[in-house]
There are 2 protein chains.
Amino acid sequence: MSVKLAASGIFVKPEPTKIGRSENTRADIMNAAFRFLWSHPFRELTIDKLMDQTSVSRPSFYNYFSDTHELIESLLEILESDILQGASPWLTDDGDPVALLHQSLAAEVHVCYRCGPFLKAITDAAGTDARLEAGWYGMLERFDDAVIERVIADQALGLIESFDPWSVATALNQVNASMYVRAFGQRPRSRPGPVLDAISRLWISSLYGERWVASRMSTLHREQGTSR
Amino acid sequence: MSVKLAASGIFVKPEPTKIGRSENTRADIMNAAFRFLWSHPFRELTIDKLMDQTSVSRPSFYNYFSDTHELIESLLEILESDILQGASPWLTDDGDPVALLHQSLAAEVHVCYRCGPFLKAITDAAGTDARLEAGWYGMLERFDDAVIERVIADQALGLIESFDPWSVATALNQVNASMYVRAFGQRPRSRPGPVLDAISRLWISSLYGERWVASRMSTLHREQGTSR
DNA sequence: GTAAATTCTGACAATATGTCAGTCAAACTC
DNA sequence: GAGTTTGACTGACATATTGTCAGAATTTAC
């Protein structure tokens with residue numbers, strides 16, 4: 001028995017067939033949180049209101065999470081693997097780097113569009129807790145490292161101009177994260193098309209040069225729906 | 001009698017010579033907050049601890065601000081004018097657009113480096129209060145609008161390729177804001193040089209094309225200290 | 001010097017959090 | 001299937017922070 005989270009594509013599944021109420025309760029809480037955060041900001045999430053949406057009482061929350069931040073952290077882990085997976089073409093595959101980059105960005109936009117309000121909840125929550133903030137920055141740094149690695153490889157091939165990859169990679173990943181939060185974090189969400197346009201322009205022009213940008217933009221809206 | 005905020009360049013000045021304890025107390029509180037946020041994250045700011053750093057008692061806080069968010073909002077207003085002022089060359093002046101843009105970005109980096117931890121406090125606080133969040137987004141939108149206006153003007157002159165200016169301007173401003181918070185928001189702060197490098201590369205390559213980037217980068221570290 | 005106005009504070013009520021001892025139910029033993 | 005063990009659950013409590021208010025204290029006006 002696994003529970004699908006509405007409109008998010010994220011599953012929180014307890015042990016598939018095993019009985020034990022514990023794992024079910026944990027998934028129950030996580031699902032209630034995700035559902036709540038889809039229509040309310042993180043600041044309105046109290047443990048009281050959250051547990052009202054489950055079958056157990058408020059103190060039971062503390063059997064599974066030490067506080068709301070730890071709960072968010074658990075949800076964040078699920079999200080990270082989802083995003084990384086979509087971003088893999090450019091990071092790992094061989095082939096036209098500009099095409100692969102665009103494909104990866106499209107996939108990332110797609111995932112983040114689908115969980116925008118939750119993404120916003122994470123960044124809001126990160127500001128209120130040191131541990132979660134470290135977790136969030138840790139995730140961003142893992143993304144940075146992956147991008148840096150790819151940039152260095154392409155610099156060695158002469159595809160990318162030789163500049164300090166660290167600061168540019170950091171900045172580019174920041175663009176994405178902050179755009180997703182701002183554009184998709186509150187409903188009604190912005191349409192993903194223009195966001196992908198803007199992000200693609202920044203990544204491609206600052207890494208590979210603007211001569212590639214125009215060709216990508218024209219086919220953009222046809223491609224965006226197909227990925228992932 | 002005006003009080004200078006340590007290492008920030010921001011002044012909170014009560015009525016210059018007038019007596020009246022009210023305005024002095026208000027400035028006293030704002031300065032205490034700024035000082036506190038320089039070395040502690042926003043989440044650790046309680047009204048109790050804040051007012052311990054002033055000469056009056058905790059309930060007095062409510063004579064001046066309805067809560068901590070309103071206090072941050074007041075400090076934000078001071079900051080906005082500071083930043084806008086430095087960014088004016090590219091936005092309003094005539095001349096080589098790439099040079100002016102670089103000059104504006106350098107000034108903005110300079111200001112934001114000087115109040116990095118406070119900037120982080122604002123974004124953290126924005127996540128915990130709807131009104132402050134609206135104020136923060138409002139400020140970002142005013143920046144967006146100014147950039148859009150300039151982009152449209154340069155597109156009309158053929159200096160910038162014709163693309164949807166809204167999404168690109170939004171993305172570019174997001175780069176800056178999020179980089180400032182991440183790089184300068186926690187001590188030890190990153191050095192401003194590489195941050196300016198990365199930001200400049202993104203702005204210049206995505207707006208005017210990468211052929212301008214290299215020339216800017218070489219002179220960068222000599223220029224950065226002189227502006228403003 | 002006295003009255004009016006403003007600023008300040010001690011004490012209170014409200015809300016959310018985290019803890020814990022004790023209860024309850026499932027599952028295991030024989 | 002009765003008794004025991006294990007783990008999940010809950011009511012009640014202690015704590016922390018917030019926001020309010022009536023009255024005290026201080027400044028300003030006359």
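Sequence lines set the chain letters: A, B, ... in the order given, protein chains first and strands last, and positions in each chain run from 1. From a predicted model like this one, the values you see are computed outputs, not experimental measurements.
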### Task
Quickly work out the B:M51 CE to C:dT7 C1' distance and round it to whole Å.
12 Å
### Task
For A:N63 and C:dA21, give me the distance from atom CG to atom P, rounded to whole Å.
15 Å
### Query
Between NZ of B:K120 and SG of B:C115, what distance do you get to the nearest 0.5 Å?
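Interatomic distance, B:K120 NZ to B:C115 SG, rounded to 0.5 Å: 14.0 Å.
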### Query
Taking N and O atoms by type only, does the side chain of B:R58 place a donor or acceptor under 3.5 Å from a partner on the base of C:dG10?
no
### Presence of B:S60 side-chain N/O under 4.0 Å of C:dT7 phosphate oxygens OP1/OP2
no
#### Entry: Separation of atom CG in A:D67 from atom C1' in D:dT15, rounded to whole Å
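Distance, rounded to whole Å: 16 Å.
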### Message
Under 4.0 Å from OP1 or OP2 of D:dC9: is there any side-chain N or O of A:S57 that close?
### Response
no
### Query
Nearest to the side chain of A:P59 - C:dG10, D:dG11, D:dC9?
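Of C:dG10, D:dG11, D:dC9, D:dG11 is nearest to the side chain of A:P59.
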### Task
Using atom CZ of A:F65 as one end and atom P of C:dT19 as the other, report the distance to the nearest whole Å.
16 Å
### Query
Yes or no on side chain to side chain donor-acceptor pair (under 3.5 Å) for B:W166 and B:D144, after CA distance, side-chain angles and deciding distance?
CA-CA 8 Å; B:W166 182 85; B:D144 289 347; 5.5 Å; no
### Atom-pair distance (CG on A:N24; P on C:dA26), nearest Å
13 Å
### Message
Can you confirm whether A:F61 sits close enough to A:V56 that some side-chain heavy atom of one is under 4.5 Å from a side-chain heavy atom of the other?
### Response
no
### Task
May I ask you to verify if any side-chain N or O of B:Y64 is less than 4.0 angstrom from the OP1 or OP2 atom of C:dT6?
no
### Message
If you only use heavy atoms from C-beta on, which nucleotide in D:dT18, C:dG18, D:dC9 is closest to the side chain of A:Y62?
### Response
C:dG18
### Query
Taking OP1 and OP2 of D:dC9, is either one under 4.0 Å from a side-chain nitrogen or oxygen of A:T25?
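Answer is yes, contact under 4.0 Å.
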### Query
Is B:Q174 close to A:V175 at the side-chain level, that is, under 4.5 Å between some pair of heavy atoms?
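Contact flag for A:V175/B:Q174 side chains = no.
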### d(CZ, A:R43; C1', C:dA16) in whole Å
17 Å
### Query
Atom CZ of A:R26 and atom P of D:dC9: how far apart are they, to the nearest Å?
13 Å
### Task
For the side chain of A:T46, starting at C-beta, report the closest nucleotide among C:dA16, C:dT9, C:dG18.
C:dA16
### Message
Using whole Å, what does the distance between atom P of nucleotide C:dC20 and atom CZ of A:F61 come to?
### Response
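In whole Å, C:dC20 P lies 17 Å from A:F61 CZ.
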### Query
Any ion pair linking A:E80 and A:R142 (charged N to carboxylate O, less than 4.0 Å)?
yes
